[in-house]
There are 2 protein chains.
Amino acid sequence: MSKSGIKQVAALCGVSPATVSRTLSNPDIVSEKTRDKVLKAVELCGYTPNRFGASLRTQKSGNIVVIIPDITNSVNAGIIRSIENAAAKVGYSVLLGDTQRDPEKVKHYAAMVRSGQVDGILLFSHQFPFDLKEDSSLLHHLPPMVNSCEPLALDNICKVMINNTAAAKMAVNHLLDLGHRRIGAITGNMDAPSSQERLAGYTQALQEAGIEFSVELVVDGNYQIESGKLGATKLLALHNRPTAIFCFSDNIAVGAYSALYEAKIEVPQQMSIVGFDDTEFSGYLNPPLTTVHQPLIEIGQQCMRLLLAQLNAKPISNKYVELPVQLIIRNSTAKISH
Amino acid sequence: MSKSGIKQVAALCGVSPATVSRTLSNPDIVSEKTRDKVLKAVELCGYTPNRFGASLRTQKSGNIVVIIPDITNSVNAGIIRSIENAAAKVGYSVLLGDTQRDPEKVKHYAAMVRSGQVDGILLFSHQFPFDLKEDSSLLHHLPPMVNSCEPLALDNICKVMINNTAAAKMAVNHLLDLGHRRIGAITGNMDAPSSQERLAGYTQALQEAGIEFSVELVVDGNYQIESGKLGATKLLALHNRPTAIFCFSDNIAVGAYSALYEAKIEVPQQMSIVGFDDTEFSGYLNPPLTTVHQPLIEIGQQCMRLLLAQLNAKPISNKYVELPVQLIIRNSTAKISH
DNA sequence: TTATATTCTGATAACGTTTTCATAGAGCAT
DNA sequence: ATGCTCTATGAAAACGTTATCAGAATATAA
């Protein structure tokens, strides 16, 4: 069967190409008789509309790009899965923009909106993805875009976020409630707003409890497992070691568990641990990890909802959506022992 | 700045659109003088070629789709990351086809090649992704495509695989070498060829060691954590429990660890565990997990290499690529205790 | 200088849709 | 019948590129 275009189909059933197009994209405006005729011919030819032709005419690609630092991170993966689901439901395809934290790749993927390759952008980065010097009008005529997880320092942009500060505070307060006074922290990448905010939450919680902030108790991590192991090792080496550690990600907690295991320190009897993310495995760690649950599915859905509104030029009542988090208390935290 | 097409650029620097096009896509065939002129105008206009126009003309989208069951699985995520990397290097973009094991979604994404939305397919599924009844010529004129991880039952297709049978055998032999005679297994989805092959490897290893196969020792899993926990619990409840468990994935091993922890059975003193995948966290489990390493990066690279060859109509010397695996021995396996 | 080969460039024709505009026909009231 | 409104259709014009082809300009050889 040779390649069948809309013309072949039209010829086969004796109508114009226009009618075939209408039948497929707007069936209601064509009479039932011709509709059946056309549909039959379409079936017979195995005709699928060519995307290029349609896109060229409509100036819509039907694609969106999700720009995200690392798809291997399970938080990111969970969000992307949710996005893919939501996008598929409304007929969009998702292009994967895994950037490996390379600023150039961020720009590269964002530029796809200029060439028409994608219609909109889901940006999980705090880096502004365009060269303003190249087209300064961009700041005022931004393409359809929503920003999530790592907030951009710009306020006319749709965002879906969690309140990292409040979440961190909640986690630390839990430890305080259990009687802990020396609470360590292992951070994420400190250039990431999320990590800065979590640190702020940690600090505030201590302050409100009247506990003096101690520099030695917060060690730099990067959200990865290994940094958790290193960080915990450092905290353990402290002259006056903490009785609890707030890990800025579940990955960090895994690393911390490993360090504690090797040091033969029991969780939670000798050390309480709190994580962040509630990734799938956190309930299966030994002991199961107390952690802050992030609503990955809702994040993806809200991102898609806001992007879709922009794509369809619908009004958006609220550009900033904040999703609730939840502290999941498992067995990695316990009352301080005396 | 209004939308600038190739015509505006051409007008601005006094050449024809054709010359602008040539300057951008095939600079060598245009004189240095005009090239500079054109490039300057391009810069000035901030011109980016419209993808639709180009694609319509060339019939190439510059996209590939990766059809994969679940991006949330870290093996899959690792492979996709590698694919994205390799694809970006040669100028292709990757469309994410997360199928959630829905056969309809597999077909949906594969059909993108018909509409021209993508130029090629990377298929991580054993399901043939086309309706043959719709176009029977497909079997002989397959679109550019490579199949990986879960083999299709078709042999004129490019494949990049690991030898699951040999890998499983290697894992089980390791346990046999340590003196284990009752070795349990927790499988993946048994409809997946990978799981069938691993089971075959398990069986063969036992057989070659002269150990009788015992049905009660192999329990059905689905590669997920929870199935590992359930599976291990079942094995522990056995009248004559095994001394070692071969888990068909690291996720399963995590679940097994959890069950063992709750049952207060020590790994590896009372129970040896072997995993499969060597995902990032496996080295940080307590104890660190002995597992079979899968070369995720190479898998992605080889997939891209083979697909690219097809996209460029290059000859392919070897349609079947088998990548080596490696047994990583850590601390979850030990000599049987008496 | 002329003839010939070579390098560049421009006009033009696709590529395959969708959408606008106009018109033919159908239905309805007068 | 006549006029009128609707509905359904077709013709034709985009959409923005790139590739072919032919011709102009330039270089090379005689």
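Chain letters run A, B, ... following the sequence lines, proteins first and then strands; every chain starts at 1. Just the heavy atoms: all of them, side chains too, but no hydrogens, waters or symmetry mates, feed the values below.
Projected onto DNA chain C by closest heavy-atom contact, A:Ala54 and B:Glu32 fall at different nucleotides, the more 5' of which corresponds to B:Glu32.
The CG atom of A:Asn50 sits 19 Å away from the P atom of D:dC15 (whole-angstrom rounding). Between A:Leu56 atom CG and C:dG16 atom C1' there is a gap of 8 Å when expressed in whole angstrom units. Straight-line distance from the CZ atom of A:Arg57 to the P atom of D:dA14: 9 Å, rounded to whole Å. Separating the CZ atom of B:Arg51 from the C1' atom of D:dT18 is a distance of 14 Å, rounded to the nearest angstrom. Summarising the geometry, the separation between OH on B:Tyr47 and P on D:dG16 is reported as 10 Å, rounded to the nearest angstrom. Regarding A:Asn26, its CG atom lies at a distance of 11 Å from the P atom of C:dT18, rounded to whole Å. When rounded to the nearest whole Å, the span between NZ of A:Lys60 and P of C:dG16 equals 23 Å. Atoms CD (A:Gln117) and P (D:dT17) sit 14 Å apart, rounded to a whole Å.
Within a 6.0 Å sphere centred on CG of A:Leu39, other residues, nucleotides and ligands contribute more than 12 heavy atoms. Annotation for A:Ile297: atom CD1 does not count as buried by contact number, only 12 or fewer foreign heavy atoms lying within 6.0 Å.
Of the candidates C:dT19, D:dT17, C:dT17, C:dT17 carries the atom nearest the A:Pro49 side chain, counting heavy atoms from C-beta on.
Applying the salt bridge (charged side-chain N to carboxylate O under 4.0 Å, His left out) definition to pairs two or more places apart or across chains, those involving residues 65-77 of chain A are A:Asp70-B:Arg81.
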Please list, pair by pair, any protein nitrogen or oxygen found under 3.5 Å from a nitrogen or oxygen in nucleotides 9-12 of chain C.
unit_1	atom_1	unit_2	atom_2	d
C:dT9	OP1	B:Ser31	OG	3.0
C:dT9	OP1	B:Thr34	OG1	2.9
C:dT9	OP2	B:Ser31	N	3.2
C:dT9	OP2	B:Thr34	OG1	3.2
C:dG10	OP2	B:Ser16	N	2.9
C:dG10	OP2	B:Ser16	OG	3.2
C:dG10	OP2	B:Thr19	OG1	2.7
C:dG10	N7	B:Arg22	NH2	2.7
C:dG10	O6	B:Arg22	NH1	3.3

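For the residue pair A:Arg114/B:Thr48, the side-chain donor-acceptor check at 3.5 Å is satisfied.
Applying the side chain to side chain donor-acceptor pair (under 3.5 Å) criterion to B:Arg57, with sequence neighbours excluded, gives no partner residue.
Inter-residue side-chain proximity for A:Asp98 and A:Gln100 is flagged as met; some heavy-atom pair is nearer than 4.5 Å.
Checked against A:Ile64 for a side chain to side chain contact (heavy atoms under 4.5 Å, CB included), the options A:Ile121, A:Val146, A:Val118, A:Leu122 give a single hit: A:Leu122.
Between C:dA14 and B:Gln59, no contact under 4.0 Å exists linking OP1 or OP2 to a side-chain N or O.
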